[in-house]
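Below is one structure, written out as structure tokens, with a few remarks after it.
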Amino acid sequence: MTLGCARNEVDSEELAARLHADGWQVTVDGTAGADVVLVNTCGFVAQAKQESIDTLLAAADSGARVVAAGCLAERYGHQLAESLPEAAAVLGFDDYPDISARLSAVMSGSPPEAHIPRDRRTLLPVTPVKRELPKHLRGGMRRRLGDGPVAPLKLASGCDRRCAFCAIPSFRGAFVSRPPDEVLAEAEWLAGTGVRELILVSENSTSYGKDLGDPRALEKLLPQLAGVSGIVRVRVSYLQPAETRPGLVEAIATTPGVAPYFDLSFQHASEPVLRRMRRFGSTERFLELLASARVLAPDAGARSNVIVGFPGETRADVTELSRFLDGAGLDAIGVFGYSDEDGTEAAGMTGKVATATIRRRVDRMLALAEELCAQRAAERIGSTVDVLVESVDGDVVEGRAAHQGPEDGSTTVRGAHQARPGDLVQAKITGSEGVDLLGSVV
């Protein structure tokens, strides 16, 4: 079972490959008949943590031995083991290379002791020098757990930024790029399994190559990935606005086979809030960045997440965020209410916003986001798009256009006779429902 982001999906497939190579029968079809249920948890925010706990408890009801792995397990280790006796074992990232032995120990009744969490940012230097991949990331083995035409491809692991609200670097470690040759080899392997769209994932894709001595590495890698036989679309995710250079904007917007799609982590638009978050930017700078992309690709897709209720946020800050969203023309907007995260700078800040106020601000931003994204979708009526087919029902197919990421809505196309998953279907957009589009085959 995999919870959380696409990076966790890749981790699960790497674990599945190791287990399969050692003779384990791996399935994702539920817990029935399983000897061990491995739950790859998420530990990002309070809601994700609770979902992970609920999933572990539900799996324990199946009668199988339940093992917690992933970010929640890495982040809390023995604390999680003590508070969740239903779990037969709690494994950290360093257990991944020997996952088969760890599960065998669980089956024999001698599970490994849960680890004591540590700050993984200290494991590697933060200066731009060549780094060795952490042990749990080496090997490159992967076994697909799904058969769809879209798959994530990990560019890197960890993060060197120190955003005040984020604990990810403390348990994921410093930023480490995968060598370009390794990324290309995995892309070719994925294409051989039927994958047609690659979604490049990391904690911060704009940092790719810095530790390899080449800050333009992603710009160089994109056309190579797009040129892999069988791949028709490459999508980049997790862009840090402060690091999104003009050359990278141009590469994403104009490289054939690369989706003109900008997944930009703005988080807020008020300068005072961004400074307290240890981030950079403003409404004007963010709008200029989006405009620079649309000069090159007028129909480019753009999405972002925002946090409301950060310590010290005022009504004027919320108004500024609204002003930015009004002018940004985003296709998808995720809205999150701030919550304290263990070990972060923000958790110790003064000026905390009342919980009830955060809820009201979240509701306000959600309503605005829904309205603006629906308006943006309606503006695409009359345009022609290429839809990557993901499911088929007669002559009706559902998939995503280049401006639509996996969580950004879908496009339903009628008249697609004999289309199959993985095909690119050209469609004229005839209507919209919220962020979703409706079209007919050209």
Side-chain angles (χ1 to χ4, degrees), residues 1-5 7-46 48-120 123 133-139 141-143 145 157-158 167-168 170-173 342-343:
M1 295 183 176
T2 304
L3 303 173
C5 64
R7 299 181 293 278
N8 260 15
E9 291 180 31
V10 178
D11 287 350
S12 289
E13 294 190 348
E14 291 172 351
L15 289 171
R18 290 187 171 102
L19 290 168
H20 179 76
D22 284 336
W24 292 79
Q25 183 177 347
V26 180
T27 178
V28 293
D29 297 328
T31 60
D35 295 315
V36 180
V37 177
L38 182 63
V39 181
N40 190 351
T41 60
C42 179
F44 182 40
V45 294
K49 295 176 192 173
Q50 189 58 53
E51 182 183 4
S52 293
I53 296 294
D54 292 343
T55 301
L56 288 163
L57 292 173
D61 290 339
S62 69
R65 293 175 175 86
V66 176
V67 175
C71 293
L72 189 71
E74 173 63 35
R75 190 173 178 186
Y76 293 102
H78 75 287
Q79 298 169 265
L80 180 62
E82 290 177 355
S83 62
L84 196 71
E86 291 85 353
V90 174
L91 304 181
F93 294 153
D94 291 336
D95 292 307
Y96 285 13
D98 303 309
I99 187 65
S100 180
R102 299 294 185 269
L103 296 193
S104 294
V106 169
M107 291 295 296
S108 68
S110 303
E113 290 188 12
H115 65 286
I116 297 174
R118 54 180 171 164
D119 190 337
R120 301 184 72 90
L123 299 183
L133 285 171
K135 184 180 178 183
H136 72 276
L137 293 175
R138 299 176 202 162
M141 293 191 299
R142 185 170 170 185
R143 180 178 176 83
L145 298 176
S157 181
I168 288 176
S170 68
F171 58 86
R172 277 289 184 181
D342 298 334

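Please read all numbers here as calculations on a predicted model, not as lab measurements.
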If you look at every heavy atom in [X] and [Y], which pair is closest and at what distance?
X	Y	result
Ala59	Ser62	O-OG, 2.5 Å
Trp24	Ser100	NE1-OG, 2.9 Å
Pro117	Gly77	CG-N, 3.8 Å
Leu80	Ala73	CD2-CA, 3.9 Å

| said: I'd like to know whether Leu57 forms a side-chain contact (heavy atoms from CB on, under 4.5 Å) with Leu84, so could you lay out the CA-CA distance, the side-chain angles of the two residues, the decisive distance to 0.1 Å, and finally the verdict. | reply: CA-CA 8 Å; Leu57 292 173; Leu84 196 71; 3.7 Å; yes

| Is it the case that Ser12 and Asn40 place a side-chain donor and acceptor less than 3.5 Å from each other? |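 Checked: Ser12/Asn40 side chains pair up, N/O donor to acceptor below 3.5 Å.
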
Would you call [X] and [Y] a side-chain contact if the rule is heavy atoms closer than 4.5 Å?
X	Y	result
Thr41	Arg75	no
Leu56	Glu86	no
Phe93	Ser157	no
Val90	Pro112	no
Val36	Met107	yes

Salt bridge between [X] and [Y], side-chain N to carboxylate O under 4.0 Å?
X	Y	value
Arg142	Glu14	no
Arg120	Asp94	yes
Asp11	Arg172	yes

To the nearest 0.5 Å, how far apart are [atom1] in [X] and [atom2] in [Y]?
X	Y	atom1	atom2	value
His78	Ile116	NE2	CD1	6.0 Å
Cys71	Ile168	SG	CD1	7.0 Å
Gln79	His115	CD	NE2	9.5 Å
Cys42	Leu72	SG	CG	8.0 Å
Leu19	Arg143	CG	CZ	10.5 Å
Leu91	Leu103	CG	CG	6.5 Å

| request: Tell me, with the steps shown, if Glu51 and Leu3 meet side-chain contact (heavy atoms from CB on, under 4.5 Å). | output: CA-CA 8 Å; Glu51 182 183 4; Leu3 303 173; 3.8 Å; yes

| said: Show, in sequence, the C-alpha distance, side-chain angles and deciding distance for Tyr76 and Lys49, and conclude whether the side-chain contact (heavy atoms from CB on, under 4.5 Å) test is met. | reply: CA-CA 11 Å; Tyr76 293 102; Lys49 295 176 192 173; 3.0 Å; yes

| query | Near His20 NE2, under 6.0 Å, is it more than 12 heavy atoms from other residues, nucleotides or ligands? | reply |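 Not more than 12 within 6.0 Å, no.
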
| task | Report the C-alpha distance between Ser52 and Val39 in whole Å, list the side-chain angles of each, state the deciding distance to 0.1 Å, and finish with yes or no for side-chain contact (heavy atoms from CB on, under 4.5 Å). | result | CA-CA 8 Å; Ser52 293; Val39 181; 5.9 Å; no

